[in-house]
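Along the sequence shown, residues carry numbers from 1.
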Amino acid sequence: MSETTQASEAAAAAGGKPPPVTDTRTWSLLKRLYRGYLRHQLPRLGGAVLCMAVVAATTAGFTQIIKPIINDIFVARREEMLLPIAASALGIFVAKGLATYGQAYLMSYVGQRIVANMQRHLFERVVRADLAYFNTTSPGKLVSRFVNDIQMMRNATSNTLTGIGRDALTLMALVGVMFYEDWLLALVSFFAFPAAAFPINRVGRRVRKVASSTQEQMGQLTTVLDEAFQGARLVK
């Protein structure tokens, strides 16, 4: 979610009148992102989710062929099982590779479309702003909003959402395999999950603060470079 938070000012600027109002709340930003941009990409997102489900299923399926590989081939020395197990492993890897490519392609397309739409909306808002807005906002910050912040939004859409969806589906598939193999041991392992949530939450908050500060400093850096290059004659 950190990349989503990094792009908060870009989403606010594209969806409202300048100057943008920063909203760092993740769920509020995701709602605005869905209403303004993701809603129009639901068919492709559905296809990406289907590909993620295939990736999750093949990941869980690969765990099921490890047992016959150990028991039938290495322990029992059943040579007749070598070809079926090898064919099954090959089929799983091919299906996983195709599904991974499909989800990467679809999510990259969605991310690029969101970037294009957001940059267009942001440009329309900025060029219609009053001159007072340009007197109080440096060109470097505006360039940083168009380039850096919206790039973070693309990464949040294509990478973060992909990771969340794929990992969540994979987790559910592997949990199903755990209960299928040994429900008692799987039930015991669930007690470790709440203990891991607390440090992850604390680290996430710190990363969010650092990310927000980084985006602000990137805008200041772009401002300094823009002023230095445009005023090169005066600087020299």
Is there a continuous path of hydrophobic side-chain contacts, each under 4.5 Å between heavy atoms, that joins Ile65 to Phe93? yes

With a 4.5 Å cut-off on side-chain heavy atoms, are His121 and Glu124 touching? yes

Check the hydrophobic clustering (I, L, V, M, F, W, Y; side-chain heavy atoms under 4.5 Å; chains of links allowed) and say if Leu42 and Val110 are grouped together. yes

Over all atoms of both residues, closest heavy-atom pair of Tyr133 and Leu142: OH-CD2, 3.5 Å

Shortest non-hydrogen pair, Thr58 vs Ala95, comes out as CG2-CB, 3.9 Å

Got a second to check how far Ile66's CD1 is from Thr63's OG1, nearest 0.5 Å? 6.5 Å

If you define the side chain from C-beta out and look only at heavy atoms, does anything of Leu45 sit under 4.5 Å from Met107? yes

Supply the atom-to-atom distance Leu171 CG to Arg166 CZ, rounded to the nearest 0.5 angstrom. 13.0 Å

Roughly how far, to the nearest 0.5 Å, is the CZ atom of Arg44 from the CZ atom of Arg113? 8.0 Å

From Phe62 atom CZ to Ile69 atom CD1, the distance as rounded to the nearest 0.5 Å: 6.0 Å

With clusters defined by side-chain heavy atoms of hydrophobic residues (ILVMFWY) lying less than 4.5 Å apart, directly or transitively, does Leu90 cluster with Leu83? no

Are Leu106 and Val54 joined in one hydrophobic group, where the rule is that I, L, V, M, F, W and Y side chains link up if heavy atoms are under 4.5 Å apart? no

Before you tell me yes or no, could you show the steps for Gln64 and Tyr180 under side-chain contact (heavy atoms from CB on, under 4.5 Å), namely the whole-Å CA-CA distance, both residues' side-chain angles and the distance that decides it to 0.1 Å? CA-CA 11 Å; Gln64 293 302 295; Tyr180 174 77; 4.0 Å; yes

Heavy atoms only: give me the nearest Ala56-Ala173 pair and the separation to one decimal. O-CB, 3.6 Å

Atom CZ of residue position Phe123 - does it have more than 12 heavy atoms of other residues, nucleotides or ligands inside 6.0 Å? no

When clusters are formed by joining ILVMFWY residues with side-chain heavy atoms under 4.5 Å apart, either directly or through shared neighbours, do Met172 and Met52 land in the same one? yes

Does any non-hydrogen side-chain atom of Val55 lie less than 4.5 Å from one of Leu169? no

